[in-house]
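Worksheet for the structure shown next.
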Amino acid sequence: QVQLVESGGRLVQAGGSLRLSCTASGRTFNRYDMGWFRQAPGKEREFVTAINWNGANTYYADSVKGRFTISRDNAKNTVFLQMNSLKLEDTAVYYCAAGSTAATPLAYRYWGQGTQVTVSS
C-alpha cells in the first residue's frame with residue numbers, strides 16, 4: 001500500500017514558476033515508477049509527465065516539454081514537478097500517481113488527492 005500526498009499548488013501569474021511535491025508513505029517508494037497527471041474542469045484527466053523508479057528515464061507530454069521537469073528523491077520518498085513558464089492552460093488539479101510511466105491513468109495503481117494550480121493573467 002502506498003499513500004500519496006501532493007502539495008505546492010497555488011495561484012500563480014502566467015509566466016511564473018511553481019514546484020509541486022508528492023510525498024509517499026511506505027518503504028517501497030523507490031520501487032515505483034511515478035507520474036503526474038492533471039485535470040481541468042470539464043476535461044478528462046491528462047498525462048503530464050512520468051519518471052521511472054530510479055530517475056533514469058523521464059517522459060513528458062508535448063504540451064509541457066521544455067517547461068516542466070520531473071525529478072525524485074527516493075531517500076525522501078518524494079517526487080517533484082518543477083513548472084516554469086506557466087500558461088493559463090496549465091490551470092488544473094494536479095495528481096501524482098504510482099505504478100507506471102504510461103500516459104494512461106488506467107496504468108497507475110495509487111493516486112494522491114490532488115493539488116490545485118491556478119494560473120492567472
Side-chain angles (χ1 to χ4, degrees):
Q1 186 82 10
V2 175
Q3 293 184 327
L4 305 172
V5 179
E6 302 96 334
S7 61
R10 62 175 176 86
L11 176 66
V12 62
Q13 283 195 325
S17 298
L18 203 58
R19 188 174 84 155
L20 305 183
S21 299
C22 172
T23 301
S25 64
R27 302 177 184 177
T28 59
F29 172 76
N30 60 5
R31 298 180 186 177
Y32 286 94
D33 298 332
M34 300 291 296
W36 285 96
F37 286 75
R38 66 186 181 186
Q39 188 165 18
K43 294 188 176 181
E44 293 186 352
R45 193 166 297 191
E46 67 170 353
F47 173 77
V48 177
T49 180
I51 189 168
N52 78 321
W53 67 275
N54 65 358
N57 298 304
T58 57
Y59 310 87
Y60 295 93
D62 288 343
S63 59
V64 306
K65 203 170 293 184
R67 300 188 299 122
F68 290 11
T69 303
I70 189 171
S71 61
R72 67 189 296 161
D73 184 340
N74 285 345
K76 297 182 178 179
N77 280 12
T78 302
V79 62
F80 303 98
L81 179 61
Q82 178 67 43
M83 304 186 293
N84 299 329
S85 302
L86 283 161
K87 304 177 180 180
L88 296 178
E89 53 263 41
D90 293 320
T91 295
V93 177
Y94 283 71
Y95 299 89
C96 72
S100 179
T101 57
T104 172
L106 298 175
Y108 292 76
R109 185 173 182 182
Y110 302 105
W111 290 85
Q113 84 290 346
T115 186
Q116 177 70 48
V117 172
T118 303
V119 183
S120 65
S121 58

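Hydrogens, waters and symmetry mates are skipped; everything else that's a heavy atom, side chains included, is used.
Between Leu20 and Trp36, the shortest heavy-atom contact is CB-CH2, 3.7 Å. Looking at every heavy atom in both residues, Leu18 comes nearest to Val12 through CD2-CG1, 4.4 Å. Residues Gln116 and Thr91 come closest through the heavy atom pair NE2-CG2, 4.1 Å.
For Asn57, the side-chain hydrogen bond (donor to acceptor under 3.5 Å, both in side chains) test picks out no residue, with sequence neighbours left out. For the salt bridge (charged side-chain N to carboxylate O under 4.0 Å, His left out) test, no residue two or more places apart in sequence or in another chain qualifies with Arg109.
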Donor-acceptor contacts, no H, no angles, side chain residues 95-103, under 3.5 Å, sequence neighbours left out:
from, atom 1, to, atom 2, distance (Å)
Ser100, OG, Ala102, N, 2.8

The test is side-chain contact (heavy atoms from CB on, under 4.5 Å); show your working for Thr23 and Ser7 and say whether it passes. CA-CA 8 Å; Thr23 301; Ser7 61; 5.8 Å; no
Please walk me through it: do Lys87 and Asp90 pass salt bridge (Lys or Arg N to Asp or Glu O under 4.0 Å)? CA-CA 5 Å; Lys87 304 177 180 180; Asp90 293 320; over 6 Å; no
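Val93 and Val48 end up in different hydrophobic clusters when Ile, Leu, Val, Met, Phe, Trp and Tyr side chains are linked at under 4.5 Å.
You'll find the ring centres of Tyr59 and Phe47 outside the 6.0 Å limit.
Counting only heavy atoms from C-beta outward, the side chains of Arg38 and Val117 never approach each other to under 4.5 Å.
Ring orientation note: the planes of Phe68 and Tyr94 are tilted relative to one another, at an angle of 30° to 60°.
With a 6.0 Å cutoff to the six-membered ring centre and a 45° limit on the axis angle, Arg72 counts as a cation-pi contact of Phe29.
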